Protein chains: 2
Amino acid sequence: MIRHYEKIGLIETAGRTASGYRVYTSNDVHTLQFIRRSRDLGFSVAQIQDLLALWRTRDRSSAEVRAVAVEHIEHLCEKVTQLQEMIATLRDLAERCSDDDRPDCPILQDLAEGRHGECDAPVESRFGVGRVHATPQ
Amino acid sequence: MIRHYEKIGLIETAGRTASGYRVYTSNDVHTLQFIRRSRDLGFSVAQIQDLLALWRTRDRSSAEVRAVAVEHIEHLCEKVTQLQEMIATLRDLAERCSDDDRPDCPILQDLAEGRHGECDAPVESRFGVGRVHATPQ
DNA sequence: CCCAACCATCCAACAATGGGAACGTTCCCA
DNA sequence: TGGGAACGTTCCCATTGTTGGATGGTTGGG
């Protein structure tokens, strides 16, 4: 991972011993810990790049940092919402499923027939079947 | 995507016209819709493979289908839990952030110093700095 | 019959990591 | 003074699901 971070430019090129081994200063280690904690909080590499830049800037504004964090929070919330919608649908289906040897299953039925909304568009536009756009004029 | 699904064996090889164009039967389209709805619910390709197999099996048991769904629900719940933990931490940090021009920012401070628990292990074992295991005996 | 819109294939990239092969280095311990 | 295990290095491939480009063949309406 660290070598990867070095390659993509997230951290600066580490020093080397005479034999080619990488040498990390305590500063490097500190930066890596910063990165790890950022990743633990779900920040993307791009965002970490921003955060690191701000971290290294003496006269940064905390508002800038907060903006990155707030944007990330919103992104995470969106993901949670999506996941909870999936969970709700699946819970509903699983609850209506007899959970025995019978072959009729509301879960498969739903997947096959799709009554949960997102699939109202005609097949043609959803899968590009057939010639969609005629030559104009 | 569809060509990709064909390549990885999620769907069977589509028929071809004389000139090599793929031809999809309404059955194929139905299967693809099944797949899309499964993906909308967050199922992985591997799980969809299972679901498709069950779908095509006449004397399947709905318990089998339910098992796939329930396992998936648990997986989704885990993800939600993780995301919510991140959100809680970030919300707390953002709240304590002054959101102005001052350079002292609790968010960066936390990322740099890490007081939220997961980082108690010494640097050596977390990043492989130094020789961890001596030759035994 | 031309040309835009469509198909085909192959290849590369994304984000972040994991893993292995093949090979050089360090250093404890016998 | 070795031997050998535990390191390190580089390069490459796999993952997961999707998107995109490049290049070239096919279709079909105007």
Side-chain angles (χ1 to χ4, degrees), chain A residues 1-11 13-24 28-29 31-32 34-52 71-72 75-76 78-79 82-83 86 118 123-137, chain B residues 1-11 13-24 28-29 32 34-52 72 75-76 78-79 82-83 86 118 123-137:
Chain A
M1 266 328 298
I2 296 173
R3 291 190 278 258
H4 176 63
Y5 287 162
E6 188 181 317
K7 196 163 59 179
I8 64 175
L10 186 60
I11 57 178
T13 309
R16 300 292 185 118
T17 66
S19 58
Y21 279 25
R22 263 168 264 255
V23 179
Y24 298 98
D28 292 335
V29 173
T31 302
L32 286 167
F34 182 101
I35 292 171
R36 168 175 261 261
R37 279 188 281 268
S38 300
R39 284 224 53 80
D40 285 343
L41 288 175
F43 284 103
S44 70
V45 170
Q47 286 171 318
I48 295 175
Q49 208 124 27
D50 295 345
L51 291 173
L52 277 173
E71 194 193 334
H72 182 45
H75 183 230
L76 293 180
E78 273 177 33
K79 272 175 107 172
Q82 286 175 4
L83 288 175
M86 294 179 192
E118 317 94 20
V123 170
E124 289 73 23
S125 70
R126 297 234 352 277
F127 280 118
V129 176
R131 182 165 295 255
V132 175
H133 298 291
T135 305
Q137 276 77 26
Chain B
M1 268 326 300
I2 296 174
R3 292 189 279 256
H4 176 63
Y5 287 161
E6 188 181 317
K7 195 163 59 180
I8 64 175
L10 185 60
I11 56 177
T13 308
R16 301 292 184 119
T17 65
S19 57
Y21 279 24
R22 260 167 267 254
V23 178
Y24 297 99
D28 292 335
V29 174
L32 286 167
F34 183 101
I35 291 170
R36 167 174 262 262
R37 279 188 280 269
S38 301
R39 285 223 52 81
D40 285 344
L41 288 175
F43 284 103
S44 69
V45 170
Q47 285 172 318
I48 295 175
Q49 209 125 26
D50 294 346
L51 290 172
L52 277 174
H72 182 45
H75 183 230
L76 293 180
E78 274 176 34
K79 272 174 106 172
Q82 288 173 3
L83 289 175
M86 294 178 192
E118 316 96 21
V123 170
E124 290 71 25
S125 71
R126 298 232 351 275
F127 279 118
V129 175
R131 182 162 296 256
V132 175
H133 297 293
T135 305
Q137 277 81 25

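All chains are named by letter (A, B, ...) in the order of the sequence lines, taking the proteins before the strands, and each is independently numbered beginning at 1. Quick caveat, the model's predicted, so the values are computed rather than measured. All values below come from the heavy atoms of this structure, side chains included, with hydrogens, waters and symmetry mates left out.
Rounding to whole angstrom units, NZ of residue A:K79 and P of C:dA15 are separated by 13 Å. For the pair B:I2 CD1 and C:dC6 C1', the interatomic distance rounds to 14 Å; values are reported in whole Å. As a whole-Å value, the separation of B:F43 CZ from D:dT16 C1' is 17 Å. Remark: P of C:dA16 and CG of A:L41 are 14 Å apart, rounded to the nearest angstrom. Straight-line distance from the CD atom of B:Q82 to the C1' atom of C:dA16: 15 Å, rounded to whole Å. Here D:dT16 presents its P atom at 12 Å from NE2 of B:H75, a figure rounded to the nearest Å. Between B:E6 atom CD and D:dG17 atom C1' the separation is 17 Å, expressed in whole Å.
The closest donor-acceptor contact from the side chain of B:H72 to the backbone of B:L41 lies under 3.5 Å.
C:dA30: Watson-Crick or G-U partner is D:dT1, with both key distances under 3.5 Å.
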Polar atoms only, N or O, under 3.5 Å: list the protein pairs with nucleotides 23-25 of chain D and their distances.
residue, atom, partner, partner atom, Å
D:dG25, N2, B:Y21, OH, 2.6

Can you pull every protein N or O that's under 3.5 Å from an N or O on nucleotides 18-20 of chain D?
residue, atom, partner, partner atom, Å
D:dT18, OP1, B:R39, NE, 2.7
D:dT18, OP2, B:Y5, OH, 2.6
D:dT18, OP2, B:R39, NE, 3.4

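The distance from atom CZ of B:R37 to atom CG of B:L32, rounded to the nearest 0.5 Å, is 10.5 Å. Atom NE2 in A:H75 sits 9.5 Å away from atom CG in B:L83 (nearest 0.5 Å).
Residues B:F34 and B:L51 meet the side-chain proximity criterion, which asks for heavy atoms closer than 4.5 Å. Within the 4.5 Å cutoff, the side chain of B:D40 has no heavy atoms near those of the A:M86 side chain.
In terms of position on DNA chain C, the residue among B:R3 and B:K7 whose nearest nucleotide sits closer to the 5' end is B:R3. Taking for each of A:I8 and A:A18 the nucleotide of DNA chain C with the nearest heavy atom, the 5'-most of the two is the partner of A:I8.
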Atom pairs and distances, donor-acceptor, side-chain atoms in residues 2-11 of chain A, under 3.5 Å, two or more places apart:
residue, atom, partner, partner atom, Å
A:E6, OE1, A:R22, NH1, 3.2
A:E6, OE2, A:R22, NH1, 3.2

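Scored by the side chain to side chain donor-acceptor pair (under 3.5 Å) test, A:T17 finds A:S19 as partners (sequence neighbours excluded).
Nearest heavy-atom pair across B:I48 and B:R39 is CD1-CG, 3.5 Å. The two residues B:V23 and B:A14 make their nearest non-hydrogen contact at O-CB, 3.9 Å.
Using a 4.0 Å heavy-atom cutoff across all strands shown, B:S44 reaches sugar-phosphate atoms only and no base atom.
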